[in-house]
Amino acid sequence: MATATSETCYRHPDRETGVSCSSCGRPICTDCMTPTSVGMRCPECSREKTQVRSLGTLQAPVQLTPVIIAVCVVAGLASGSIFGARGDGNTLFYTGALFGNGSVYGFLPEGLGDIANDGEYWRLITGGFLHSGLIHIAFNMYLLWMLGNLLEPVLGQVRFGLVYLTALLGGSFGALLLEPTAVTVGASGAVFGLMAFAFLELRSRGFDPMASGIGPLILLNLVITFLPGFNISIGGHLGGLLAGALCAFVIEQSSQRRQRTLGLVALGVLCVVFAAGGIVAAEQTEGLFG
């Protein structure tokens, strides 16, 4: 809606108005106004069909999301982890070497390879592609597919990939900060980050996140996170939420300033910060057993 002074309706020259059509800009009086989702329109423009581009109606291709899902499924099959645990009673290891060499844990007194002792920093990323059972991977992949189809068309493959990586690293950081000696796997940290991003992105675009279903989805998953007996990484989920929220802030600020490159750089900085935080958290834990 635009305002004007000392203008008359284009259809009724004897009527002064301060309102203009949101489409063509012509001044319109109260009799000529037609309320629409994008403001007041004149009779001619209100009869035209306008394609509204929103968070859920953009038709850009979704390419990266199925690739991430495929990698998680292949990793689960290769490690054997999606078929159930074969642990030793103390740690959540599987017989497959891929799971043992890729899961997230900071320091284990048993002398097994870890981040703190052996510098196995890749665990910060690879743990997000491994899962501890069929239900675990199925639930995460369902949420990833839903959120990826919502966000990837809006962000594009590059920014979506950086948001996902930042949230994944944020989840690893949170897990290592709160439970550095626990074996943590799963894409849920990254998925929580996408949920937080979607919540804030919807709100910034004028949508009600609670009515969209994203808000209740976050609340439900948070409740499940804190329920006893589910063996869920609280730090991983909270770290992912924090990372996703920071990504949303960074992208919103860069978009307002029309500085896309700066936004990409800022996302890269967030990745480094969370990765460094995870390494520091792991190494601090080593001192407790030294």
Side-chain angles (χ1 to χ4, degrees), residues 38 51-69 71-72 121-122 124-129 140 143-175 177 187-210 212-215 217-218 236-280:
V38 292
Q51 182 180 6
V52 179
R53 294 168 65 85
S54 67
L55 200 62
T57 59
L58 292 169
Q59 297 301 313
V62 177
Q63 298 175 334
L64 185 57
T65 299
V67 171
I68 296 174
I69 292 174
V71 171
C72 289
Y121 304 130
W122 63 82
L124 296 169
I125 295 177
T126 56
F129 293 93
N140 279 340
L143 291 177
L144 175 56
W145 176 254
M146 181 182 70
L147 293 164
N149 277 272
L150 182 69
L151 294 175
E152 187 178 342
V154 179
L155 297 173
Q157 281 76 42
V158 175
R159 289 196 298 178
F160 177 78
L162 283 173
V163 169
Y164 188 86
L165 178 60
T166 304
L168 188 155
L169 289 169
S172 296
F173 164 69
L177 185 65
S188 53
V191 169
F192 262 77
L194 294 182
M195 285 193 287
F197 188 98
F199 182 95
L200 295 175
E201 181 72 7
L202 284 166
R203 192 177 67 175
S204 69
R205 290 172 177 257
F207 297 94
D208 182 2
M210 301 305 293
S212 70
I214 294 296
L217 183 64
I218 294 176
H237 288 186
L238 295 182
L241 275 177
L242 173 63
L246 289 176
C247 287
F249 174 78
V250 164
I251 289 182
E252 181 180 2
Q253 293 301 311
S254 62
S255 297
Q256 289 178 357
R257 293 168 173 76
R258 298 184 179 180
Q259 296 178 335
R260 179 185 175 91
T261 302
L262 181 60
L264 294 176
V265 172
L267 290 175
V269 171
L270 284 178
C271 286
V272 173
V273 168
F274 282 116
I279 295 171
V280 170

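Quick caveat, the model's predicted, so the values are computed rather than measured.
Under the side-chain hydrogen bond (donor to acceptor under 3.5 Å, both in side chains) criterion, the residue pairs touching residues 157-173 are Glu152-Gln157, with sequence neighbours excluded.
Among all heavy-atom pairs drawn from Gly161 and Leu64, the shortest one is CA-CD2, 3.5 Å. Nearest heavy-atom pair across His237 and Gly189 is CD2-N, 4.5 Å. Contact detail for Gly244 and Ala196: the closest heavy-atom pair is C-CB, 4.2 Å. Taking each heavy atom of Val62 and Gly148 in turn, the nearest pair found is CG1-O, 4.3 Å. Closest non-hydrogen pair, Cys72 versus Gly128, comes out as SG-O, 4.2 Å. Smallest separation of non-hydrogen atoms from Gly170 and Ala243: CA-CB, 4.0 Å.
With rounding to the nearest 0.5 angstrom, the CG atom of Leu246 is 11.5 Å from the CD1 atom of Ile251. With rounding to the nearest 0.5 angstrom, the CH2 atom of Trp145 is 11.5 Å from the CD1 atom of Ile68. Between atom SG of residue Cys271 and atom CG of residue Leu124 there is a gap of 11.5 Å, rounded to the nearest 0.5 Å. Annotation: the span from Leu168 atom CG to Ser188 atom OG amounts to 9.5 Å, rounded to 0.5 Å.
Residues satisfying the side chain to side chain contact (heavy atoms under 4.5 Å, CB included) criterion with Ile218, sequence neighbours excluded, are Met195, Phe199, Ile214, Leu222, Leu241. Scanning for side chain to side chain contact (heavy atoms under 4.5 Å, CB included) contacts around Leu143 gives Phe139, Met146, Val191, Leu217, Asn221, with sequence neighbours left out. The ring pair (Phe, Tyr, Trp, His ring centres under 6.0 Å) search around Phe197 returns none, not counting sequence neighbours. Remark: Ala245 engages Leu200 in a side chain to side chain contact (heavy atoms under 4.5 Å, CB included) (not counting sequence neighbours). Listed by chain and number, the residues in a side-chain hydrogen bond (donor to acceptor under 3.5 Å, both in side chains) with Gln253 are Arg257 (sequence neighbours excluded).
Of the candidates Leu162, Val250, Leu169, Val250 is the only one forming a side chain to side chain contact (heavy atoms under 4.5 Å, CB included) with Leu270.
Between Ile125 and Leu165 there is a side-chain heavy-atom pair separated by less than 4.5 Å. Annotation: side chain of Leu151 is not in contact with side chain of Val163 (no heavy-atom distance under 4.5 Å). Residues Phe160 and Thr65 form a side-chain contact, since some pair of their non-hydrogen atoms from C-beta on lies under 4.5 Å apart.
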